[in-house]
> 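Next up is a structure, given as structure tokens.
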Amino acid sequence: MADTAVGAKTESGSDPSRRDFIHIAAITAAAGGAAAIAWPFIDQMNPSADTLAMASTEFDLTKVADGQQVTLKWRGKPLFVRNRTPAEVQRAVADDSASMKDPQKDADRVKPGKAQWLVLIGSCTHLGCVPTFGGGDYGGWFCPCHGSHYDTSGRIRKGPAPLNLAVPEYEFLSDTKVKIG
Amino acid sequence: MSGHSTYQPKTGIERWLDARLPIVRLGYDSFVDYPTPRNLNYWWTFGGILSLCLASQLITGIILVMHYTPSADHAFASVEHIMRDVNYGWLIRYMHANGASMFFIAVYVHMLRGLYYGSYKAPREVLWILGCVIYLLMMATAFMGYVLPWGQMSFHGAVVITNLFGALPLVGPSITTWLWGGFAVDNATLNRFFSLHYLLPFMIAGVVILHIWALHVVGQNNPTGVEPKSKADTLPFTPYATVKDGFAMSVFLILFATFVFYLPNALGHSDNYIEANPLVTPAHIVPEWYFLPFYAILRAVPDKLLGVLAMFGAIACLFALPWLDTSKVRSMRYRPTAKLHFIIFVVACCILGLCGAKLPDDPVLGHFKTIPLGDADLNSFVWLSRFAALYYFAFFLVILPWLGLVEKTLPVPDSIASPVLSHPAAAPAEATAAPEMKG
């Protein structure tokens, strides 16, 4: 820019396109800077590293007898590990063709060959209350807060909840041990 | 409305300060010489009572924080420590907890007053909207404050309310995780609620200043809904309004003290004396009484997302009210049909409050079944809340816009003073005899 003629031409406003460019560039830089500094203030609200580190757990299935359910605390929420009776599994499979709000086959909610083991996040998909086992019209769980009925596969059958009880990511480490999360 | 200032600094120090920061002049023009409509009734003293409530909540809250520990492991125990060990801790906590209820009683009276006398109409739209903003901030503050003791009811209340955001399509789950700072309501959630519960009252105080500023620009509405036209229509704020508000505050404090000393837990839920346990939900989750009508609207809708939208829509109606009411007559005193609908509206709100406290499927009358309609029996609280919610929305979205066009209104007086001073024949005998003797 050293070659720019000295004198009248360098007055303010004498080169509108150059001035527009400076305005646009300055505003863009300010907006980018504002967004960049805003992000840490938004992201600090997301789960912290120690919370994320506690996100996975191992569980010994021999603690759950036939027809029983154990509730663990996982990620701050209850987790149901249920050892289903053959009758419950049968009922769940028989209902695969029933009309449902969130259609899913029972086989898709358990691991292959491990149909008796049902692992569910014990948080009602309506507003997050903890459903209790043994209530409701379908032999599964019933949410006392707003009356959602779940079947023996944890699928929503009646009431305001929109989705089936969530099955978390888990895998069998051995026949008696699962890793959840 | 303050207009030309009549403040005359008398002493040397007043003159010195007035030339540098005319704050005494501001106070004098706003709260001493300020012209007040002469016909304001006792429904108008709740603004002053609300200032008292805000001050009480700020003072007791700041003190409670000196003894409270915002941690999932210690919050519940620290509240018990306040109740048992801190000198007068029980009194200050009960004042704060019951003070929130008093605050909402006063704000609901204040809002219904504005609704009945058309205080939201031009030129007071901004004044009304600022009031709605204060109400929203109060709701957020009260909700987060209720969570802090980390009892069963407050914890699961927080679970339910934060899960509402999960109803939003696509972004719902990420938003709830972001709000929680984890995978569930936990320590991170408690800490941010505490931080915001401390911040929001100061934001309320800020908006209250804007609210009063807007009030002093447009002037107070009054029971006739007619703007003051001459000096005969107004009285100076001090001593008339000051003494009247002082009396009303004293009566209100008697009610407040009755709750604090004799019924301190009447408005709370006993489950909140059980420490929060994320693995067990109370059989029936109910919010504090002042949220029950909105909770009933939420539950009246069988769909989760639509229920959430209806609940927020119920509050959004208030913001839009200045443009929903099309009537040229401001006060419902001169609108017989609107007055009738206003009374039904208040009843509908009370019914919604009742429905919010009950289990949705329970029968309303007796213990018999009538006809099943949709997902519930007609004789159930869910159906009752549907009818009441329908009226709530109809009042704002249909009745008020429509009535303004068709309603035959009564004659409105020419001025505030005219029914008393200018038309002796139309006024009661004792009023004409000695108008200045009447309160």
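Within every chain, numbering begins at 1; the chains are lettered A, B, ... in the order of the sequence lines, protein sequences first and strands thereafter.
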> Please round to the nearest 0.5 Å and tell me the distance separating atom OG1 of Thr51(A) and atom CH2 of Trp180(B).
13.0 Å

> If I take atom CG from residue Leu164(B) and atom NE2 from residue His126(A), how far apart are they, to the nearest 0.5 angstrom?
8.0 Å

> What closest approach, in Å, do Lys77(A) and Ala184(B) show between heavy atoms, and which atom pair accounts for it?
CG-CB, 3.6 Å

> Using a cut-off of 6.0 Å, state whether more than 12 heavy atoms not belonging to Phe41(A) lie near its atom CZ.
no

> For chain B, which candidate among Leu52(A), Thr132(A), Ile42(A) shows the most heavy-atom pairs at distances under 4.5 Å?
Ile42(A)

> Please say whether more than 12 non-hydrogen atoms of neighbouring residues, nucleotides or ligands are located less than 6.0 Å from CZ in Phe172(A).
yes

> Tell me if the NZ atom of Lys114(A) is crowded by more than 12 foreign heavy atoms within 6.0 Å.
yes

> Identify the two heavy atoms, one from Gly128(A) and one from Val159(B), that lie closest to each other, and give their separation to 0.1 Å.
O-CG1, 3.3 Å

> Side-chain contact test, heavy atoms from C-beta onward, threshold under 4.5 Å: evaluate it for Ile285(B) versus Leu127(A) and give yes or no.
no

> Does CD belonging to Glu171(A) count more than 12 external heavy atoms closer than 6.0 Å?
yes

> Strictly distance-based, threshold 3.5 Å: is any side-chain N or O of Lys73(A) a donor or acceptor partner for the main-chain N or O of Pro278(B)?
no

> Other residues, nucleotides and ligands only: do more than 12 of their heavy atoms fall within 6.0 Å of CD on Gln90(A)?
no

> Are more than 12 heavy atoms from other residues, nucleotides or ligands located less than 6.0 Å from atom CE of Met203(B)?
no

> Would you mind telling me which of Pro160(A), Pro131(A), Cys143(A), Cys129(A) has the largest number of heavy-atom pairs within less than 4.5 Å of chain B?
Cys129(A)

> Measure the spacing between CD of Gln44(A) and CZ of Arg192(B) and express it to the nearest 0.5 Å.
6.5 Å

> Around atom NZ of Lys358(B), are there more than 12 heavy atoms of other residues, nucleotides or ligands at under 6.0 Å?
no

> Out of Pro144(A), Ser48(A), Gly147(A), return the one with the most heavy atom pairs under 4.5 angstrom to chain B.
Pro144(A)

> By a 4.5 Å heavy-atom criterion (distance strictly below it), what part of Ile175(B) contacts chain A: side chain, backbone, both, or neither?
neither

> When rounded to the nearest 0.5 angstrom, what distance separates CH2 in Trp74(A) from CG in Leu279(B)?
14.0 Å

